[in-house]
Amino acid sequence: ARPAPAPEPEPPAEPAPAPEPGLEPEPPVAGPAPSASFVPSTEGSGAAVPAQTACGTGSEVLLQAFNWESCREPGGWWNRLAAEAEDFAAAGFTAAWLPPCTDSVSPEGYLPQDLYNLDSKFGSTAELKALVRQLRGLGMLPVADAVLNHRCASGQDERGVWNQFGGRLAWDARAITRDNAEFGGHGARGSGEDYTAAPNIDHSQERIRQDLINWLKWLRKSIGYDGWRFDYVKGYSGEFTREYIDGSVPSLAFGEFWDACDYTDGVLDYNQDRHRQRIVDWCDKTGGTSAAFDFTTKGILQEAVVRGERWRLVDAQGRPSGFMGLWPSRAVTFIENHDTGSTLGHWPFPSNHLHEGYAYILTHPGTPCVFWDHWEQPELRQSIKALLKIRKEEAIDSRAQIKILSARAHLYSACINGRVCMKIGKDGWSPNGDSATSETGKWHLATSGPNFAVWTLTEPADLPSR
């Protein structure tokens, strides 16, 4: 456990407001030079981006449609989701991230065994197909949780080591990285961090990569998925993730690059540039084809609201201080997931600040993701629905322009696309009383709740274009 945080003084001066940006600033990429498949960017200052990506349209809003206990749902989880799917679509969600669907040693699905066996603790293959078909019929993109870093064996070798795989992909010890001595791996050394709970797959082998690509293509063609959430991507190089995306061509893809934030004596550092740069570097390894969860924003936001330090939400250049401040079109923003919250609770967002958390990510750049447990809370659901309505009506997308107006202990305020203003924190604030926004016209209070409020511009008639 981390030691109790010591008080950290507030910076002597509030950072200067962000200048009105272009569509998107260039990320400070530290990776390799762009390859021949790149084309000049039209986003902001000209960062190189791939001609084809799996980052969606920029207007996606995700629902993480499960928690850690969903595998124990009476009657099956796929059936539970099917019964509520119309509510998801009506609220404005455009994609549903579903739990791992394969046969697994663990009921939660994160220790996969036979990849082509989709009868799991969440329900049968037939029930899964019916759910995916229903989601697509409602205009929602079904996203599979793809666990490609590791795979559990179904049999032992002559020495009693569990490294013999069953099912259609009948691999053996040669498919396991040699770093995995416990599982007798005969493959190459791993290209990322070791995952000790299961055999780590050797992604350097073309045969293995082709098997995984074929499996992803099968999930698209036979089941109907059209997006991937890549689990534990720190375990293998992002270059392989790019190959899996290029080979399966999903509409949406994002990775879980969960890295520890930077702390000093148990207190979160104000400057998290190194942390968010590591996420940029991973996305760059994929050639920009994949987005990634914005763990930097989660870490900063929850520290800011619980400690009354909302000055943390702006960096020294006046940008949002998380990953979204560097590469918003590749940032999947969230405040909780099945690991950080739910019954695991590894890094929970403070429960008395959830409304503030969603007021922030649902009005800001990036692709927001709402956690199932929060959607299930009636009062919080109403706030989420109101915020989703504003996001859609005001055309806030992953590349939305952001101008931070104030960032101090108990107040953070910002203007998005020149049409939406928001504030979080207990201090009072209104765009109608701020010289930076009052001259634009009259602002209407669109929604509010515990320590948050959102306004939309209603006058004058010559509104900024959407």
Side-chain angles (χ1 to χ4, degrees), residues 54 56-57 59-148 151 167-169 212-231 244 248-254 337-338 342 369-376 381 384-385 388:
T57 65
S59 299
E60 286 77 13
V61 180
L62 305 173
L63 172 66
Q64 181 181 353
F66 67 98
N67 63 21
W68 193 249
E69 302 301 324
S70 297
C71 57
R72 286 169 269 277
E73 174 73 15
W77 191 248
W78 304 141
N79 291 333
R80 166 78 182 273
L81 294 181
E84 301 184 27
E86 291 185 3
D87 293 338
F88 309 154
F93 292 108
T94 66
W97 162 23
L98 305 179
C101 60
T102 65
D103 168 52
S104 170
V105 171
S106 63
E108 298 83 11
Y110 288 98
L111 293 175
Q113 194 167 46
D114 184 353
L115 298 185
Y116 281 92
N117 180 359
L118 303 188
D119 291 328
S120 69
K121 295 296 183 181
F122 300 101
S124 68
T125 302
E127 290 166 345
L128 173 61
K129 285 185 174 182
L131 170 63
V132 168
R133 184 168 56 250
Q134 181 184 12
L135 291 171
R136 294 181 71 106
L138 291 168
M140 296 183 67
L141 190 151
V143 177
D145 202 320
V147 185
L148 305 185
R151 182 186 172 198
R168 192 183 302 185
L169 302 181
L212 293 175
I213 289 171
N214 288 339
W215 175 66
L216 292 172
K217 291 167 70 175
W218 176 77
L219 287 180
R220 286 201 67 201
K221 182 177 180 180
S222 298
I223 309 303
Y225 282 110
D226 197 20
W228 316 130
R229 177 265 186 185
F230 292 106
D231 180 64
Y244 299 139
S248 59
V249 201
S251 294
L252 187 66
F254 47 97
N337 65 28
H338 60 290
S342 191
C369 182
V370 173
F371 182 45
W372 177 263
D373 289 8
H374 299 161
W375 174 248
E376 286 292 280
R381 179 184 291 201
I384 291 170
K385 289 171 70 174
L388 288 174

Can you list the steps and then say if K129 with Q134 is a side-chain contact (heavy atoms from CB on, under 4.5 Å)? CA-CA 9 Å; K129 285 185 174 182; Q134 181 184 12; over 6 Å; no
task = Show your reasoning for whether side-chain contact (heavy atoms from CB on, under 4.5 Å) applies to Q113 and R151.
result = CA-CA 6 Å; Q113 194 167 46; R151 182 186 172 198; 5.8 Å; no
Given V61 and L388, is the side-chain contact (heavy atoms from CB on, under 4.5 Å) satisfied, shown in steps? CA-CA 8 Å; V61 180; L388 288 174; 3.4 Å; yes
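Annotation: cation-pi geometry satisfied between R168 and Y116 (NZ/CZ under 6.0 angstrom from ring centroid, within 45° of ring axis).
Between the CG atom in L115 and the CG atom in N214 there is a gap of 12.0 Å [rounded to 0.5 Å]. In this structure, OG in S124 is found 10.5 Å from CH2 in W78, a value given to the nearest 0.5 Å. One finds the NE2 atom of H338 at 9.5 Å from the CD atom of E108 (value rounded to the nearest 0.5 Å). Between the CG atom in N337 and the CD atom in Q64 there is a gap of 5.5 Å [rounded to 0.5 Å]. Here L81 contributes atom CG and L128 contributes atom CG; the two are 10.0 Å apart, rounded to the nearest 0.5 Å. Once rounded to the nearest 0.5 Å, the distance linking OG of S248 with CH2 of W218 reads 14.0 Å.
Closest heavy-atom contact between G227 and P250: CA-CB, 4.0 Å. In this structure, C71 and P107 approach most closely via the heavy-atom pair CB-O, 3.3 Å. What you find for V147 and G109 is that their closest heavy atoms are CG2-O, 4.3 Å. Across all non-hydrogen atoms, the minimal contact from N79 to G75 is ND2-O, 3.0 Å. Of all the heavy atoms in P142 and M140, the pair that sits closest is CD-O, 3.4 Å. Contact record, A95 with V143: CB-CG2, 4.4 Å, taken as the closest heavy-atom pair.
Residues L252 and L62 meet the side-chain proximity criterion, which asks for heavy atoms closer than 4.5 Å. A 4.5 Å side-chain heavy-atom check between F371 and L63 finds every atom pair outside the cut-off. Using a 4.5 Å heavy-atom threshold, the side chains of K121 and R72 count as separate. The closest side-chain heavy-atom distance from I213 to W215 is not below 4.5 Å. Counting only heavy atoms from C-beta outward, the side chains of C101 and F122 never approach each other to under 4.5 Å. In this structure, D114 and L169 have side chains that are not in contact, with every pair of non-hydrogen atoms separated by 4.5 Å or more. Using a 4.5 Å cut-off on side-chain heavy atoms (C-beta onward), W228 and R220 make contact. Side-chain contact check for Y225 versus L98: some heavy-atom pair is nearer than 4.5 Å.
Residue E86 places its CD atom among 12 or fewer non-hydrogen atoms of other residues, nucleotides or ligands, all under 6.0 Å distant.
Using a 3.5 Å distance cut-off with no hydrogens or angles, the side chains of S251 and D226 do pair a donor with an acceptor.
Between R80 and E127, no side-chain nitrogen of the basic residue sits less than 4.0 Å from a carboxylate oxygen of the acidic one, so the salt-bridge criterion is not met.
In this structure, the side chain of S70 engages the main chain of N67 through a donor-acceptor pair within 3.5 Å. D119 places a side-chain N or O within 3.5 Å of a backbone atom of T125 that can act as its donor or acceptor partner. In this structure, the side chain of R229 does not engage the main chain of A253 through any donor-acceptor pair within 3.5 Å.
Between F66 and W372, a ring centre-to-centre spacing not shorter than 6.0 Å is recorded. Taking the six-membered ring for Trp and the full ring otherwise, the centers of W375 and F93 sit less than 6.0 Å from each other.
Within the structure, the side chain to side chain donor-acceptor pair (under 3.5 Å) test picks out the following pairs touching residues 97-106 (sequence neighbours left out): W97-D145, S104-S106.
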